Amino acid sequence: MHWGLWPPWDCSPPAATTKAAGAAPATGRRGGEEDFVTDLTFGTGGTGGVYYPLGGEYASIYENNIDGITVNYTDSGASVENIGKIFQGEWQLGISQSDTANAAVAGEGEFEGAQVDNLGWIAALYPEAAHIVTLAGTGIETVADLKGKRIAVGDVGSGTRNVSDAILAANDIGEGDYEPFEQDFASSLNLLRDGNIEASIFVVGTPTGSLGDLAATNDVKLVSMDESTAQSVADESLYEVYTIEPDAYDFLTEPVTTLSVAAALVGSTTQISPDLAYEITKATFEHAETITLPQGDLISHDYALFGQGEVPLHPGAEKYYEEQGLL
């Protein structure tokens with residue numbers, strides 16, 4: 001297990017922690033109203049993916065439309081790290097894969113022995129698709145061809161690794177059958193471009209500009225999963241079968257079958273007050289049309305609770321959804 005700055009053996013967060021530079025100190029994970037803060041740190045993801053720029057745009061939206069708050073967004077290892085920092089009381093907002101958020105509240109997977117009890121669901125934002133990327137000349141035509149290859153499987157502290165493991169295991173590729181590289185999205189594409197790996201698996205909103213940039217100088221291929229295999233994985237997990245349509249990328253000529261999860265906005269229930277969470281939820285939807293990324297077009301009430309599973313709604317978000325008639 002890899003937790004970055006949060007070692008897995010330290011399952012009890014410290015009573016007092018310090019937030020990122022420029023932010024007010026957090027006073028601890030538990031407590032009453034006195035622990036609510038208005039100077040928020042927002043964990044996103046690697047700079048080459050969607051989480052980071054999306055988090056930056058939403059940080060501006062929240063500051064411009066909610067009185068009396070500041071939002072400091074930061075790059076991170078994504079889902080696992082963001083939730084870990086929220087659990088510790090160091091960060092207050094984060095973007096996470098929906099399956100990772102469910103594992104956190106259940107105390108499973110990367111969170112075994114560290115059940116997260118201060119995480120509140122704010123909104124599912126858009127679907128994220130697993131991209132299995134390779135280049136022409138690697139000999140990789142199917143997922144089974146990944147056996148014995150050097151593969152980027154996701155950054156330390158991201159949810160991508162779980163999806164990568166599920167895809168590989170469903171094709172009888174286990175530990176020892178390939179060489180894993182734990183890299184963020186941008187780094188994995190650089191490794192692929194330079195010939196240091198043969199494939200990269202990452203979970204990201206579709207389309208992603210970084211993949212288009214790679215395709216501008218290289219012959220990029222997306223590997224499709226067998227549809228029945230993808231469905232069998234989905235039937236036993238929180239993933240959904242997803243199709244990347246040919247119009248998503250200029251280099252695609254036919255649909256690609258893969259798996260998807262929801263990219264979800266989550267927040268601390270012990271440091272973000274119900275009133276502030278209400279305002280954040282409201283601004284998330286009312287200003288979605290100002291998001292410049294393609295994913296902005298997918299953010300809607302219709303998708304807001306997709307993938308929530310067992311993650312409790314933040315009380316402020318719950319109030320908003322009740323007013324909108326969604327509950």
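None of the values given here were measured: they were computed from a predicted structure.
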Note: E90-K85 ion pair, threshold 4.0 Å (strictly below): yes
Q183 CD to L191 CG distance, which is reported to the nearest 0.5 Å: 5.0 Å
Nearest-0.5 Å distance, OH of residue Y58 to NE2 of residue H287: 9.5 Å
Inter-residue atom distance H314.NE2 - S273.OG, 0.5 Å rounding: 7.0 Å
Distance in Å, L222 CG paired with T258 OG1, rounded so as to fall on 0.5 Å steps: 8.5 Å
Spacing of CG belonging to L119 relative to OG belonging to S96, to within rounding of 0.5 Å: 7.5 Å
Spatial distance of atom CG (N171) from atom CG (D226) [nearest 0.5 Å]: 8.0 Å
Heavy-atom side-chain contact between V261 and L238 under 4.5 Å: no
Close side-chain approach of V116 and F111, heavy atoms under 4.5 Å: yes
K149 and E179 ion-paired at < 4.0 Å: no
Shared hydrophobic cluster for V223 and L214 (ILVMFWY, side-chain gaps under 4.5 Å): no
Ionic contact status for E110 with R161, cut-off 4.0 Å: no
D235, CG atom: more than 12 neighbouring heavy atoms under 6.0 Å: yes
K319 NZ/CZ over Y278 ring centroid, <6.0 Å and within 45° of normal: yes
